[in-house]
Each structure stands twice: as structure tokens, then as C-alpha cells.
Amino acid sequence: MLQTWKTWMLTAGLAAQFACGGPASDTPDTLEQPQGVALTGSNAVQRLDTAPLAKGVDVTALVALNYHSLALAPTLQGNALFSPGSASSIIQTSDGGYAFTGTFKALGTDDILLVKLDAFLNVQWAYAYGTSNAESGVEVRQTSDGGFMIAGQIFQNATTNFDFYLVRTDSTGNPYWQLSNGGTLHEYATAMEVTPDGGCIIVGKTQSNLGYQNAYMVKFSSVGAVQWSRSFSSGDSGTYEFRGVANVPGGGYVAVGSRQVKVSSSTWETFGYAVKVNSAGSTLFEVSSGRFAGLEAVTATSTGYVAVGYIYPVSGADFYAVRFSPTGGTLWAWSLNAGTNGDYLSDVKLASDGNYVVTGTISPTLTQQNLRLMKLDNSGIRLWDFYPYASTVNTNGQSLAITSDGGFINSGGYTDSTNTWYLLLSKFSP
């Protein structure tokens, strides 16, 4: 039986500290029967032919009226398709290769997937982690010793609830430990960052507070022990959730997502949402941005925090981006109608030149998606903006990583004529 966070906290006699977000014991809440299985033979992650992926030559966006300078869009240097599954996070590793996490069926149900690639996007090794229950991978980061920290979630059939799931491995994917973290109902993990002290912070949402959906963050030590946790809500039944998190230079964390605000006795409206806390979890600011907006990702510098997502101005979603000051003020915000009903930005990373690379997706029809990439400067002006693949090819963007050559790599999806989704990695020049 899997041990829930609530059971572990009561055993430790720390229920009062949990209620106020206080420190916890330095003992990890480990799983009784976790597994880490190398994926080889018939279970191996396969790299596939990318011939169906035609390069796009649509450069119409490069002459948009609000460009103050027209930089050349990057070129597609290489791409790779992988066997059916999904990936939600990609990083460049210290050896110049890459690693991604996602979901893959290997232990009988969905499991957390970790795949290590070389610099040419060839598979070096792959592992699946989990239990007899269903798990999914959300975020991967490399640790200072060359290993990996993976955040995800587990569906615990015995108690019919979702919990956070955390895996720590060595540099070749062998698991050091795996643990779950949750309360009486649901905890959904959406993003994670490794922290300067060697631990990590996971954000998402929880329903374990009287059944309401609260934005939620948990700080773990390097051995997986809960150091503190925080939940954020209005105290009413509106939904609050985090979707992205970043380390703040100098210490602390900024998390973004969305929250519902009650505007009348029976009406709620959703706003983009940002919270900054210090390294101990104390709130430094809590602000909204954009009516009918949601923020999916954030990156932080010493001068501010850029977040991206979507906004619903009338009907259908548009791109949305905002930059916050270190104290939570809005420095700029913009929305962009890409001409379709389902446009959203998924990730943003600080580029080597001090600007911001952004990935997103447009949806020309209910069954069609196209990957769209752009670069913003510190004022929110688009420097370039393009579609790397032809509009007839069904692709999307999920995660970015800046590469050591000044370029970047994008992870997303590609679907074929049978509506089977594959993982698509695309490497671009600076």
C-alpha cells in the first residue's frame, strides 16, 4: 500500500506544521514497491523516419507591424520522431546531449518515461519508473552530479486519488529513490525546478483542502523530504492552480497559473495568476494578470519575470504574454490573435542573447494544430515569429530548452494520418 503524505505527516507528529506550511522531517515518503526498468528490445523507445515532416516556408509573420527590428528567424538544424507516447519536458544535458520525460506503457500501465539522447538525437538509453498504478512524467531536470530529478503524478487506485510523484536517478537512469506525496484527495503536479540547495520545488494544484482546488507548491530536500508546502486560494470554491515555476536569482521562486475571482454571487472570472515566495515559502507578492487568461510557463531574471499562456478576449484563445517586475508590477502585457480559435503559448526560456524564446500552438481547425515559435525582447516586441513546418503537417509545441550553441530545442507532438501522436523534437540554430 502506498503511503500518503497525510499518513506520513501524522506519523511524524507534524500535522500542525503541515497546516501552516511549516518544515517537515528530513525523511522521504518512499514507495514500498517502486520500479525502474531499462527499456530495451520490444520495449525500446524507437526513433522513426522524419520524411513526412515538410519544412515550412511561411514567413508572413516576419513583417508584422510591431517589429522594431527584423531579426532573421532561426533555421531548423535537425529533428527526430519517436515511437508513440508523449513528452512534456526536454533539457540539454551537461554532455551536450538531451533528455526528456513523458509517459510510456512499460510496467503494465502508464509509467514515467526518461530518455537520454546524444547530441544527434539518437537514443542512448531509456527507463520507465513507477508502480502497478498509473504514473505520468511532467518535468525533468539534471542535478549537479549528472543525475536526474523527475516530477510527475501517480493515480493511486487503492484510494482513487492523484498524488505528486518524484524520482531521483543517477547519470545513467538507475533510480536512487522514488516517492509519492499527497493528501486525502487529488494533487496534480504541473511543473518542477531543481533548486540551488540540491532539492526541488514542485507546483500544481490540490483538492485536499475541503475539496476546493487550490494552487499548491511543495519544496523537497535533496533526499526527497518535504521541507515546506503552501496552498493558495480565495477561501471559496473558485479554482486556483499553478502551471509553471522558476528559480528567482538571489533566492526564492515565482509560480504562475490561473485563478478564479468571484465577481458576483453566481459569477466567476478567470485571470492569469503569479505568486512569488522566498526560499522559506513566505509570500512576497500575489497578483493577477489578464481577464480570462491563464499562464502556462515563466522564466526569471534579476529584473523581472516573463510568463506566457493564453487569453480569451471574445471567443477562442489568443496568445498572451506578460512581464512582471520583481515586486509584482506589470511592466508590459500583450495578446496576439493568430487567426484561429485555439492559440496558446506553452513555454518560455531566457535566450543566450538576453531575449526570450517562446513555443506555442495554433489550431486552424478542431483536428489541426501547427507549431509556432517566436522570440520576444525585454519590451515584449517580437523579433521573429514563424512556423517551422508546413501548415498541412499536424504539429504542436510543449517545451523548450536553450542549447549551448545559443540555439534551442523544442519538444512537441506530431500526428499521422491515423491520428497517432508521436513525440517530435526539433533543433534550431541561434
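Here the structure is a predicted model, which means the values were calculated and not measured.
- At a threshold of 4.5 Å between non-hydrogen side-chain atoms, the residues L81 and L423 do not count as touching.
- Between the side chains of Y98 and T403, no donor-acceptor pair is found at a separation under 3.5 Å.
- Within the model, atoms CD of E269 and OH of Y312 stand 15.0 Å from one another, a figure rounded to the nearest 0.5 Å.
- Q153 places none of its side-chain heavy atoms less than 4.5 Å from the side chain of T190.
- F164 and Y216 have tilted rings, their planes meeting at an angle from 30° to 60° on a 0 to 90° scale.
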- Query: Stepwise, does the salt bridge (charged side-chain N to carboxylate O under 4.0 Å, His left out) test hold for K205 with E187?
  - Reply: CA-CA 6 Å; K205 65 180 178 180; E187 279 71 40; over 6 Å; no
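- The two residues E193 and A246 come nearest to each other via the heavy atoms CG-CA, 4.1 Å.
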- Apply side-chain contact (heavy atoms from CB on, under 4.5 Å) to Q213 and E241, showing your working. CA-CA 7 Å; Q213 296 190 42; E241 66 175 325; over 6 Å; no
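- The line from CD1 of I150 to CG of L166 is 9.0 Å long, rounded to the nearest 0.5 Å.
- Judged by distance alone, the side chain of T169 and the main-chain N or O of G147 form no donor-acceptor pair under 3.5 Å.
- Using a 4.5 Å heavy-atom cutoff, the side chains of T359 and F408 are not in contact.
- Shortest non-hydrogen contact noted between S399 and S89 is OG-CA, 3.5 Å.
- Summarising the geometry, atom CH2 belonging to W332 is positioned 13.0 Å from atom OG belonging to S325; distances are rounded to the nearest 0.5 Å.
- Separation of the F82 and F100 ring centroids falls under the 6.0 Å cut-off.
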- Please assess D385 against K375 for the test salt bridge (charged side-chain N to carboxylate O under 4.0 Å, His left out), listing each intermediate value before the final yes or no. CA-CA 7 Å; D385 182 346; K375 178 179 274 191; over 6 Å; no
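- Looking at E296, its side chain never comes within 3.5 Å of a backbone N or O of A307 through a donor-acceptor pair.
- Using the six-membered ring where Trp is involved, W125 and F148 have ring planes that are perpendicular, over 60° apart on the 30 and 60° scheme.
- Checking side-chain atoms of R382 against main-chain N and O of L376 turns up no donor-acceptor pair under 3.5 Å.
- The CG atom of L371 sits 6.5 Å away from atom OG of S426, with the distance rounded to the nearest 0.5 Å.
- T283 places no side-chain N or O within donor-acceptor distance of the main-chain N or O of F285, the cut-off being under 3.5 Å.
- Counting only distance, with no hydrogens or angles, the side chain of R47 and the backbone of L121 share a donor-acceptor pair below 3.5 Å.
- Residues N370 and P364 have side chains in contact (heavy-atom distance under 4.5 Å, counting atoms from C-beta outward).
- For the pair G397 and S346, the tightest heavy-atom approach, listed with the atom from each and the gap, is O-OG, 3.0 Å.
- In this structure a side-chain-to-backbone donor-acceptor pair under 3.5 Å is present from S88 to G137.
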- Task: Before giving the answer on side-chain contact (heavy atoms from CB on, under 4.5 Å), spell out for N161 and Q207 the whole-Å C-alpha distance, their side-chain angles and the decisive distance to 0.1 Å.
- Result: CA-CA 10 Å; N161 73 336; Q207 281 186 288; over 6 Å; no
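- Contact between V140 and A99 at its shortest, heavy atoms only, is CG1-O, 4.1 Å.
- Between E286 and R259 there is a salt bridge, since at least one side-chain N of the basic residue sits less than 4.0 Å from a carboxylate O of the acidic one.
- Panel note: side chain S258, backbone G294; no donor-acceptor pair is recorded below 3.5 Å.
- In this structure, the side chains of S229 and K219 stay at 4.5 Å or more apart for every pair of heavy atoms.
- The heavy-atom pair separating A151 from I202 by the smallest distance is CB-CD1, 3.9 Å.
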- Message: Between V322 and T330, does the side-chain contact (heavy atoms from CB on, under 4.5 Å) criterion hold? Intermediate values first, please.
- Response: CA-CA 7 Å; V322 58; T330 297; 3.9 Å; yes
- Message: Would D95 and K116 count as a salt bridge (charged side-chain N to carboxylate O under 4.0 Å, His left out) here? Give the steps.
- Response: CA-CA 11 Å; D95 63 358; K116 176 67 176 68; 3.1 Å; yes
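- Side-chain contact between V277 and S282: absent, with no pair of heavy atoms (C-beta onward) separated by less than 4.5 Å.
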- Task: Verify ring pair (Phe, Tyr, Trp, His ring centres under 6.0 Å) between Y240 and Y273, making sure each step is shown before the conclusion.
- Result: CA-CA 8 Å; Y240 280 47; Y273 182 50; 5.2 Å; yes
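- Y176 and R168 are not linked by any side-chain donor-acceptor pair at a separation below 3.5 angstrom, with hydrogens and angles left out of the test.
- With 3.5 Å as the limit, one finds a donor-acceptor pair spanning the side chains of Q369 and N396.
- One N or O on the side chain of N247 and one on the backbone of V194 form a donor-acceptor pair closer than 3.5 Å.
- For R323, the salt bridge (Lys or Arg N to Asp or Glu O under 4.0 Å) test picks out no residue, with sequence neighbours left out.
- Between T103 and L113 the shortest side-chain heavy-atom distance does not fall below 4.5 Å.
- Across S411 and L425, no two heavy atoms sit closer than the pair CB-CD2, 3.5 Å.
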- Message: Please evaluate residues F324 and Y305 with respect to the criterion ring pair (Phe, Tyr, Trp, His ring centres under 6.0 Å), reporting the C-alpha separation (whole Å), side-chain torsions for both, the decisive distance (0.1 Å), and the verdict.
- Response: CA-CA 5 Å; F324 299 104; Y305 320 124; 7.6 Å; no
- Query: Can L400 and I409 be said to form a side-chain contact (heavy atoms from CB on, under 4.5 Å), step by step?
  - Reply: CA-CA 6 Å; L400 286 170; I409 189 167; over 6 Å; no
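- At a cut-off of 3.5 Å, with distance as the only test, a side-chain donor of Y422 or D416 sits close to an acceptor on the other residue.
- Between Y129 and Y127, the angle of the ring planes stays under 30°, which puts this pair in the parallel group of the 30/60° scheme.
- Aromatic ring centres of F162 and F155 lie closer together than 6.0 Å.
- Considering CG of L424 and OH of Y414, their distance stands at 9.5 Å, rounded to 0.5 Å.
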- Query: Given N378 and Y356, is the side chain to side chain donor-acceptor pair (under 3.5 Å) satisfied, shown in steps?
  - Reply: CA-CA 8 Å; N378 278 288; Y356 303 91; 3.1 Å; yes
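- Looking at F232 and V275, their side chains come closer than 4.5 Å, going by heavy atoms from C-beta outward.
- Side-chain atoms of T365 come within 3.5 Å of backbone atoms of T367 as a donor-acceptor pair (strictly under, hydrogens ignored).
- Ring-plane geometry between W228 and Y253 is classed as tilted, the angle between the planes lying from 30 to 60 degrees on a 0 to 90 degree scale.
- Rounded to the nearest 0.5 Å, atoms CG (N410) and CD1 (I90) are 8.5 Å apart.
- Side chains of T206 and N214: no donor on one and acceptor on the other come within 3.5 Å.
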